[in-house]
Structure formats: C-alpha cells, structure tokens
> 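I have a structure I would like to understand better, so I am pasting it below and will then ask my questions one at a time.
Per chain, numbering begins at 1; letters A, B, ... match sequence-line order.
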Protein chains: 2
Amino acid sequence: MAKRESNVDRVYEALRRMAADFAFKPDQRINESALSEVLGASRTPLREALNRLVAEGFLTFQNNRGFFCRPLTPSYILDLYEARVAVECEALRIACSRASDVDIAGFADYLDRMEPDYQSATELEELLSLDESFHTRLVQLSGNSELERMLKNLNGRIRYIRLIDLKRMRDQADGQAPGDVSAHRKVLDALRSRNVSAAVEALRSHIEKRREEATEAVRIAFSQLYVPDE
Amino acid sequence: MAKRESNVDRVYEALRRMAADFAFKPDQRINESALSEVLGASRTPLREALNRLVAEGFLTFQNNRGFFCRPLTPSYILDLYEARVAVECEALRIACSRASDVDIAGFADYLDRMEPDYQSATELEELLSLDESFHTRLVQLSGNSELERMLKNLNGRIRYIRLIDLKRMRDQADGQAPGDVSAHRKVLDALRSRNVSAAVEALRSHIEKRREEATEAVRIAFSQLYVPDE
DNA sequence: GTGTTCAAAATTGTATACAATTAAAAATTC
DNA sequence: GAATTTTTAATTGTATACAATTTTGAACAC
C-alpha cells in the first residue's frame, strides 16, 4: 500500500503555505539548514520542495546563493492579475460554447447554495476560499486542465494580496460589501444564456476592479510585511 | 565570481530537451540511477531538476514510484493550444493599449529582418525557433513577465508537436508553405493601428488553425513515438 | 572614516550510504 | 497450470559528509 503523503509533500505544502502568506519577507534569503530543522526534514527533501516552488514562481533561486522569497512589487501584482484575466476569460469563453447545460445548472446551484455562507462569513480566510472556489469552478467548466492548473498557481501566489484586499473592504465598508456576489451572478447569467462577449466582459471588469483595489491595498501590505521582527 | 551555469542547470536543460523531444516515451517510468549515469551527475542534483520539470508539467510523479514521462493524448494537446490562445491573446490585447510606438516599430523591423530567413530556412528546428520567437516577442510587448513565463512553458511542452506539424506541412505542401508569415503580418498590422479586436481575432484564428493541424498531426506523432527500440 | 585584503565562518552543491518501499522472481498451494 | 504467497532484487527516500563557494568581519593601508 502506498503512503498517501510523503515527507516531501508535507514539506512542500508547509513551504507553499509559508510562501503564500509571506512568512518569508520579499527578497529574503532562505537558510536551508535552519528551515530544515524547523520543518523536521533534512536538506535533501527540503531542496526538492524548494525547487518545485521556484518552478511555480513562489520563490527565486540564484546559483551558489540559494533560494529567495519572491519580490512583492506593484508591477508583480499587476502581472498576476492580468494573467488571471487571460486564464479566466478564455476559460469562460470556452465554457460558453462547450459546457453542458447540466454542468452550468450545477454551477448555478453551487452559487445559490454558497450565497448565504458568503454573506454570513466572518473569517476572511473563509470568504477568500469561497471566492477562490467560484473562480476555480468557473475555469473547471471549460474542461481545460492546463487553464485550471495555471489558475491554481496564480491563486496561490495572489492569495496574500487578496486577503489584504478583503480586509480593507471589510474595514472600510465604503464600496461593495465583501459578501457581494452580484458580479459573480452577472457572469453566471451571461454564461447561462451563452452570451460569450457579455460573460467575458463581466468577468474581465470584475477581475480588473479587484485588481485596482488590490494595487491600492498592496501599499498597506508593504507596511505590514516590514514590521520588524520581535 | 559566480559560476554562470551550475551542474543542476546543465542537467535540467538536458532533461527539458529530452522531455520536450519525447526522448522519454509517454508514461514511461524514469530510472534515476541509469539517468544519473548518462548525465554524469549524482541522483541528488538529478532529482532536483526532475522536481522542477514536474512543477512545469513536463513530467509526472508518484510517491515511492518515481518520475514518469507525461502522457500524450489529443485532449492534452488541445489544452495546451487553448492555453496558448489565452496567454497570447491577452498579451496582445495589453500590448495594443500599452506598448509604445517605438517598441511596436521594433517588432515590425524584427519581422522584416526575419522574413528572408523564414522563407529560406531548411532545418525544421530553425523554422520552429523563428516561429516561437515571433510569439515570444509578441508577448514580451505586453511587458507582463507572468504571461511571458507561461508562454515559455507552453512552448516547451508543445514543441515536439509543432515539429511534427511543421514536418507534415513541408512534406505535404498542400496548404500554406511552412515559411508563410502572412498570418503574423496580419496580426502586426492590426497591432500597429491599435485595433484590438482585429488583432486578437487574427491571432486567435492563427493559433487555432495551427491547433487543428497539430491535432491531426498528433496521430502521426503517436505512430512515431512507439517505434520499438533497436 | 573609507576602502581593500585576507582569513574564518557560514552556506550551498553534490556524492554517497543506507533505510524504506516497490517490483520482480521463485516457490508453494490448490 | 493458475493463483497466491514468499523471497529476492531493484528502486526510491532521505540523512549525512564533505567539497566548493559565498559571506562575514577583522586587520590593515590610506
């Protein structure tokens, strides 16, 4: 019987979470020996996991200098959100012409079932997971596993920023409430009537709006990231 | 002074090339010891490189069973080409509204300079490199390094298929000649006049046309891949 | 004080050894 | 002879050791 989760998997998961939450500060050099002690594994499996994270864009690597946390700049955030637009809009376009009525109905059901949770969610993490799952399921409707894979990767790297964004939305409460699913429903309605251009435009403007908010929020993120160690 | 290229880099490059050219057959299990001898490195750096390739989608991995060559199915090819449409069309859209006139002019110059090479190219590899560089440069015009990164990855994984496709184009000579850059020029012209929808549609139909050819060519690829070892 | 050089310490790079696991082969049962 | 168990071999998983390289910092010159 094969062990479900190996040590490398465990290390990888822990590292991905740390990288996603910026437990490493941008551009910080990562000390392998210290990290391997913290994670309870030797450097060999640790480095394998680190290499995976480099390939996925969570970390960077320099010869003979080791692994570094990715930088966090406004243009990096912009790039990630633009990539999301590319992936999600094309997936939606494909879904409009290829997804079955049954699958779309299932997606609509899902949104109906989730809406109460969405509006009553208290934890930001919970809210973010719900939002992520909407977008993930949308891309899954395309049936394209490469697009799905790309979105998962982008979501992982963008997660921290979205958390900051959501937090600000809740605290300020000036624009739409964090639990507002109207934009999602607009996309769904257009998808249901197979109106490609309306669906894509609705999704595009939704993501771009979030991008603008996030770009603003990243300044706040910066100030939080560089809080001195205790 | 830092060594330019490390051993892992060398191993990684060799492996990527092997994977891109399907030197490993689809679903074939990869023997680490044997491979490390061939590549002249121990298993430690080899496995680091293999892990990177898994993260990039060139290989797969199963716990306690090791690394395998990715499968090659028609739906996999479809997914890759659709992902290319997503990445390239969005990059083009961004380039239309953001690239400077100077950069676009530089791109036009590049196409002019390359056209003679394109038409006189005898080696398929050379032709493919020229075609890839057109698409890469187009995406670079967007200034989005995530989209560029995604395209590089897709190109690497799609390379073998395109080679088969080009080969068939040359051998059959029924449709357009392999050196035909008219589709590329159409995209460029629309970009130059900042006509977003015309540019995107031209690019989309170009890639999709290639996808159809490639999907057809993949059957030939299959028969070539499974030639028995000698 | 600033910059340079050199030595010491820390860190990364990789080979190797051995444990854990899986795959293959041989023996056994029916 | 087919199916099952047992044994053996091969392969992967990971710790460790040590070499190569980089970083640190102390001594020194100016």
Side-chain angles (χ1 to χ4, degrees), chain A residues 1-19 23-71 228-229, chain B residues 1-19 23-71 228-229:
Chain A
M1 177 181 337
K3 223 194 313 186
R4 267 286 166 290
E5 181 155 316
S6 78
N7 201 13
V8 185
D9 286 338
R10 185 181 59 76
V11 168
Y12 167 79
E13 275 304 324
L15 285 174
R16 203 177 49 77
R17 193 171 296 265
M18 288 171 79
F24 312 114
K25 294 178 184 171
D27 284 318
Q28 178 192 339
R29 183 173 176 175
I30 291 168
N31 186 314
E32 296 173 15
S33 308
L35 195 54
S36 76
E37 262 192 49
V38 170
L39 296 175
S42 80
R43 281 177 55 222
T44 309
L46 171 63
R47 282 180 60 110
E48 292 195 8
L50 287 169
N51 271 287
R52 278 166 71 175
L53 290 163
V54 169
E56 287 168 357
F58 282 95
L59 303 174
T60 63
F61 176 78
Q62 286 175 255
N63 253 332
N64 292 315
R65 298 205 51 223
F67 298 88
F68 296 80
C69 183
R70 68 197 182 290
D229 296 330
Chain B
M1 186 179 329
K3 225 196 309 186
R4 267 286 167 288
E5 182 156 314
S6 78
N7 202 13
V8 185
D9 285 337
R10 184 180 61 75
V11 169
Y12 168 79
E13 275 305 322
L15 285 174
R16 201 176 51 77
R17 193 170 296 267
M18 290 170 80
F24 312 113
K25 292 176 186 171
D27 283 318
Q28 178 191 339
R29 182 174 175 177
I30 292 168
N31 185 315
E32 296 174 15
S33 308
L35 195 55
S36 75
E37 260 191 51
V38 171
L39 296 176
S42 79
R43 281 177 56 221
T44 310
L46 170 64
R47 283 180 59 110
E48 291 194 8
L50 287 170
N51 271 287
R52 278 166 69 174
L53 289 163
V54 169
E56 288 167 356
F58 283 94
L59 303 172
T60 63
F61 176 80
Q62 284 176 256
N63 252 333
N64 292 315
R65 299 206 49 222
F67 299 87
F68 296 81
C69 184
R70 68 196 182 288
D229 296 331

> Please report, rounded to the nearest Å, how far the C1' atom of D:dA15 is from the CG atom of A:Leu39.
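Distance check: A:Leu39 CG to D:dA15 C1' gives 16 Å.
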
> Check the distance between C:dT11's C1' and A:Leu35's CG and give it to me in whole angstrom.
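Answer to the nearest Å: 14 Å.
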
> Take the protein atom CG of A:Leu50 and the nucleotide atom P of C:dT11, then report the distance between them rounded to whole Å.
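Rounded to whole Å, this separation is 15 Å.
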
> Mind checking A:Phe61 for me? I need base, sugar-phosphate or nothing, with any heavy atom below 4.0 Å counting as a touch.
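It contacts sugar-phosphate atoms only.
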
> Which nucleotide, C:dT16, D:dG13, D:dT14, lies nearest any side-chain atom of B:Thr44?
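The answer is C:dT16, which lies nearest to the side chain.
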
> Which is more 5' along DNA chain C, the nucleotide nearest A:Arg29 or the one nearest B:Gly40? Just name the residue.
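Nearest-nucleotide comparison on DNA chain C picks A:Arg29.
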
> What do the steps show when you test A:Asn63 against B:Val8 for side chain to side chain contact (heavy atoms under 4.5 Å, CB included), and what is the final call?
CA-CA 9 Å; A:Asn63 253 332; B:Val8 185; over 6 Å; no

> Please answer whether the main-chain N or O of B:Lys25 pairs with a side-chain N or O of B:Gln28 as donor and acceptor at a distance below 3.5 Å.
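Looks like yes, one N/O pair under 3.5 Å.
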
> What does the list of N/O pairs under 3.5 Å between the protein and nucleotides 5-10 of chain D look like, with a distance for each?
none

> Could you grab the distance from atom OG of A:Ser42 to atom CD of A:Glu37, nearest 0.5 Å is fine?
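One finds 12.0 Å between OG of A:Ser42 and CD of A:Glu37.
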
> Step by step, work out the side chain to side chain contact (heavy atoms under 4.5 Å, CB included) result for B:Phe61 and A:Asp9.
CA-CA 11 Å; B:Phe61 176 80; A:Asp9 286 338; 5.5 Å; no

> Can you see which heavy atom on B:Arg70 is nearest to which on B:Ala19, and at what distance?
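Residues B:Arg70 and B:Ala19, closest heavy atoms: NH1-O, 3.1 Å.
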
> Between the side chain of B:Arg16 and the main-chain N/O of B:Phe58, is any donor-acceptor distance below 3.5 Å?
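No, B:Arg16 side chain to B:Phe58 backbone: no donor-acceptor pair under 3.5 Å.
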
> Testing the basics here: between B:Leu15 and B:Ala49, what is the closest heavy-atom pair and its distance to 0.1 Å?
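That would be CD1-CB, 3.8 Å.
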
> Please write out the pairs of protein N or O atoms and N or O atoms of nucleotides 7-9 of chain C separated by less than 3.5 Å, giving the distance to one decimal.
none

> Mark yes or no for whether B:Arg29, through its side chain, and B:Arg65, through its backbone, hold a donor-acceptor pair below 3.5 Å.
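It does hold such a pair.
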
> Can you give me the bend angle of the helix from C:dG1-D:dC30 to C:dC30-D:dG1? Use the axis through the first five pairs and the one through the last five, nearest 10 degrees.
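For the helix from C:dG1-D:dC30 to C:dC30-D:dG1, the axes at either end differ by 10°.
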
> Below 3.5 Å, does any donor atom in the side chain of B:Arg65 face an acceptor in the base of D:dG13, or the other way round?
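Result: no qualifying N/O pair found.
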
> Just to confirm, is there a sub-4.0 Å distance from OP1 or OP2 of C:dA15 to any side-chain nitrogen or oxygen of B:Ser42?
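Yes, B:Ser42 has a side-chain N/O under 4.0 Å of OP1/OP2 on C:dA15.
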
> Taking CG from A:Asn51 and P from C:dT12, how many angstroms apart are they, rounded to a whole number?
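So the CG-P distance, A:Asn51 to C:dT12, works out to 13 Å.
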
> Go through the steps to decide whether A:Arg52 and B:Arg52 satisfy the test side chain to side chain contact (heavy atoms under 4.5 Å, CB included), and finish with yes or no.
CA-CA 5 Å; A:Arg52 278 166 71 175; B:Arg52 278 166 69 174; over 6 Å; no

> Ignoring hydrogens, what is the shortest heavy-atom contact between A:Pro71 and A:Pro26? Give both atom names and the distance.
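In this case the closest contact between A:Pro71 and A:Pro26 is CA-CB, 4.0 Å.
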
> Check the pair B:Leu35 / B:Leu39 against side chain to side chain contact (heavy atoms under 4.5 Å, CB included), numbers first and verdict last.
CA-CA 6 Å; B:Leu35 195 55; B:Leu39 296 176; 4.0 Å; yes

> Checking side-chain contact (heavy atoms from CB on, under 4.5 Å) between B:Leu46 and each of B:Asn7, B:Val11, B:Ile30, which is the one that passes?
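It is B:Val11, the one option of B:Asn7, B:Val11, B:Ile30 that forms the side-chain contact (heavy atoms from CB on, under 4.5 Å) with B:Leu46.
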
> C:dT12 phosphate, OP1 or OP2: any side-chain N/O from A:Arg47 under 4.0 angstrom?
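So the side chain of A:Arg47 is outside the cut-off, no N or O lying under 4.0 Å from OP1 or OP2 of C:dT12.
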
> Taking CD from B:Glu32 and P from C:dA20, how many angstroms apart are they, rounded to a whole number?
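Those two atoms, CD and P, are 18 Å apart.
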
> Round to a whole Å and report the spacing from CZ of B:Phe68 to C1' of D:dT11.
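In whole Å, D:dT11 C1' and B:Phe68 CZ are 11 Å from each other.
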
> Atom CG of A:Leu46 and atom C1' of C:dT12: how far apart are they, to the nearest Å?
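It works out to 12 Å between those atoms.
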
> Looking only at side-chain atoms of A:Arg43, point me to the closest of C:dT21, D:dA15, C:dG13.
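For the A:Arg43 side chain, the nearest candidate turns out to be C:dG13.
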
> Does any N or O donor sit under 3.5 Å from an N or O acceptor when you compare the side chain of B:Ser33 with the base of D:dT12?
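No pair found.
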
> Has B:Asn7 got a side-chain N or O lying under 4.0 Å from the OP1 or OP2 atom of C:dT14?
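Result: yes.
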
> Could you tell me how far apart A:Ile30 (CD1) and C:dT11 (P) are, to the nearest whole angstrom?
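Checked: the CD1 to P distance equals 14 Å.
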
> Which nucleotide in the set D:dT14, C:dA15, D:dA15 lies at the smallest distance from any side-chain heavy atom of A:Val8?
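Taking heavy atoms from C-beta onward, the closest nucleotide is D:dT14.
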
> Between B:Leu59 and B:Phe68, is there a side-chain heavy-atom distance shorter than 4.5 Å?
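No, too far: nothing below the 4.5 Å cut-off.
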
